[in-house]
> 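So that we are looking at the same thing, I have put the structure below in structure tokens.
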2 protein chains.
Amino acid sequence: MFELNQLEQLLAIANAGTLSKAAEQLHLSQPALSRSMQRLEEELQVTLFERQKNKITFNANGDLALEHAKTIINNAETMISALQAFERSQHTFSIGSCAPAPLWRITPVISRQYTDMTIQSDIKSQDALISGLYNDIYQVIITTHPLNDPDVCSYKYLEEHLYVALPPAHPLSTRKKLSLADINGQTMLLLSRIGFWYDICKEKMPDSYFIVQDEVEALNELRKSSALPTFATNLTAQGRTADANRILIPLTDSEVNVTFFCCIKKSNNHRLSKFIASIQ
Amino acid sequence: MFELNQLEQLLAIANAGTLSKAAEQLHLSQPALSRSMQRLEEELQVTLFERQKNKITFNANGDLALEHAKTIINNAETMISALQAFERSQHTFSIGSCAPAPLWRITPVISRQYTDMTIQSDIKSQDALISGLYNDIYQVIITTHPLNDPDVCSYKYLEEHLYVALPPAHPLSTRKKLSLADINGQTMLLLSRIGFWYDICKEKMPDSYFIVQDEVEALNELRKSSALPTFATNLTAQGRTADANRILIPLTDSEVNVTFFCCIKKSNNHRLSKFIASIQ
DNA sequence: GTAAGTTACGAGCGACGTAAAAATG
DNA sequence: CATTTTTACGTCGCTCGTAACTTAC
């Protein structure tokens with residue numbers, strides 16, 4: 001049987017146009033390449049080139065061989081990346097979530113349970129999460145609704161309730177509850193990468209301007225040094241313990257009082273049994 | 001990049017079950033195979049086997065690699081056979097015909113014109129001929145009707161008229177013309193491999209029994225030594241020159257007075273221009 | 001003359017086989 | 001003890017690079 005490196009050489013010759021240039025690209029001497037192609041022809045029992053004294057061109061066989069070579073090399077490269085991706089996936093616990101808060105809780109749990117695994121988490125749209133679960137990009141996804149699929153188990157995991165954190169001097173700070181509509185128009189501090197929350201803010205508070213911060217620390221600094229309202233959640237210590245400078249007022253909209261579900265392919269149930277037990 | 005022979009070895013191991021047996025099948029020492037697989041794993045940067053002290057089994061990566069390896073090896077083998085088939089086709093002039101007579105004429109013409117080519121001819125049903133022309137199994141096919149396809153040129157080539165050759169003593173031998181229905185029921189001598197003629201005989205002379213001979217010589221011997229009627233055609237010298245023992249009577253059915261057409265893919269027009277000129 | 005290709009020849013490295021060791025049933 | 005696998009080591013062969021030659025523009 002011929003060898004893959006000979007097919008690579010064939011492609012290189014097609015790309016470079018001449019043996020010499022191809023040899024250079026392949027870090028090979030030109031005579032070595034010449035002989036390698038002679039061996040390939042011998043192996044295939046077919047001439048691939050039209051040889052003139054100082055010129056070599058593909059003949060019809062060569063053109064055909066080139067097409068086959070391309071697919072074979074392509075398959076070989078696919079094999080390598082598929083294997084390496086599979087290997088990585090074996091040692092990586094990938095979680096996708098539609099919001100950041102569940103990850104704050106779940107990541108430490110997993111890293112304690114699966115000590116030899118890398119944990120990788122994404123915040124994505126629900127659609128992206130679901131297709132990621134089907135394609136085994138995620139072992140676990142966290143959504144706001146259980147998945148309606150017999151091959152997937154959805155476990156109720158957490159409830160999240162949002163508050164608005166107002167400075168005491170704020171005109172609305174005496175209210176017992178508020179809706180997003182009530183605070184629409186306010187300029188607010190907001191974290192980035194908050195998944196579906198951002199879409200809700202944009203939709204329900206179209207007149208507000210959001211000062212977006214990437215880092216929690218940066219946001220906290222701004223919170224201290226400004227009178228801007230922010231959001232808070234029941235899922236962080238920082239959100240719950242009333243801040244000296246802020247009064248937390250519950251938000252009433254159903255969209256900001258959600259239940260999160262952990263969704264796992266049934267085929268992964270066994271592998272993740274320890275994890276499943278821990279979230280129930 | 002890894003090499004194809006390593007993939008072949010991988011398959012051999014999967015088939016044989018143990019390194020030792022696989023090595024034997026591969027005509028390789030067992031340690032050599034062991035190291036070759038170690039190199040493959042190194043190359044892929046992925047372990048493929050679960051190694052115990054004196055036992056080696058595929059792991060999940062290995063199973064996946066095996067699937068990829070199968071398709072790659074398969075592609076490689078396909079490449080070899082496709083190239084060799086293509087090479088052969090380049091040096092072979094393949095003609096398919098629905099009847100033998102046109103081949104008697106056309107074959108010598110082609111062999112004179114294309115001296116470096118092998119001529120290969122088949123007698124097949126019209127359907128098989130047409131699909132063979134499309135798949136480049138035939139460069140030329142001979143049919144009884146022109147093809148209705150803009151990519152194919154159909155050239156009128158020959159007319160063939162059948163006669164029935166009766167012994168002078170035969171009751172019908174004084175007729176000026178006959179139809180197949182008139183001689184239905186007669187036991188007749190017939191050549192084999194006569195293409196669509198055979199179907200016509202069977203259809204139009206359902207009550208006849210046909211003594212079929214593979215060889216022309218054998219048929220001629222029987223013709224001399226028996227009084228059995230046979231068919232004759234305008235396309236052979238032997239058919240035309242009246243035989244002392246036979247009287248040739250024209251058959252009137254339209255089915256046995258046919259025009260043959262040479263059909264050639266337009267894409268082959270250039271390559272076959274010499275041939276096309278010679279048949280017009 | 002430069003740039004392309006093939007052939008000739010010597011050298012080095014890489015894959016092979018043999019031998020040895022270790023483990024299992 | 002037979003079977004299976006890995007490691008160690010020396011050898012052989014294959015492929016490489018250099019050099020020389022030929023041809024074309």
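Naming convention: chains lettered A, B, ... in sequence-line order (proteins, then strands); numbering from 1 in each chain.
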> Rounded to whole Å, how long is the line connecting atom CD of B/Q38 with atom P of D/dT4?
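Rounded to the whole Å, the gap is 18 Å.
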> Do B/R35 and C/dG17 have a side chain to base donor-acceptor pair shorter than 3.5 Å?
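For B/R35, whose side chain was compared with the base of C/dG17, there is a donor-acceptor pair (under 3.5 Å).
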> Is any side-chain N or O of A/N54 under 3.5 Å from a base N or O of D/dT23, one able to act as donor and the other as acceptor?
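Per atom types, the contact qualifies.
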> Picking from C/dT6, C/dA23, D/dT6, which would you name as closest to the side chain of B/I56?
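My answer, after comparing the listed nucleotides, is D/dT6.
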> Expected output is a numbered-order residue list: members of residues 6-17 of chain A with a heavy atom under 4.0 Å from any atom of DNA chain D. What is it?
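Close to the strand, none.
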> Give a yes-or-no answer on whether the side chains of A/D122 and A/Y138 include a donor-acceptor pair shorter than 3.5 Å.
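Yes, a side-chain donor-acceptor pair sits under 3.5 Å.
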> For B/F58, enumerate each residue passing the ring-ring contact (aromatic ring centres under 6.0 Å, His included) test, keeping only those at least two apart in sequence or located in another chain.
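B/F58: ring-ring contact (aromatic ring centres under 6.0 Å, His included) contacts with B/F49.
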> Show your reasoning for whether ring pair (Phe, Tyr, Trp, His ring centres under 6.0 Å) applies to A/F275 and A/Y114.
CA-CA 9 Å; A/F275 168 71; A/Y114 299 88; 7.2 Å; no
> Closest nucleotide of DNA chain D for A/K53 versus for A/L28: which of these residues is on the 5' side?
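It is A/L28 whose nearest nucleotide is closer to the 5' end.
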> Find the distance A/E24:CD to D/dG17:P and express it as a whole number of Å.
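Whole-Å distance recorded here is 13 Å.
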> OP1, OP2 of C/dT6 versus side-chain N and O of A/S34: anything below 4.0 Å?
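Answer yes for this pair, as a side-chain N or O of A/S34 is under 4.0 Å from OP1 or OP2.
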> Out of D/dT15, C/dG17, C/dG5, which has the shortest distance to the side chain of A/Q30?
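Side chain of A/Q30 sits closest to C/dG5.
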> Could you tell me whether B/R39 and B/E42 have a side-chain N and a carboxylate O separated by less than 4.0 Å?
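No, this pair does not count.
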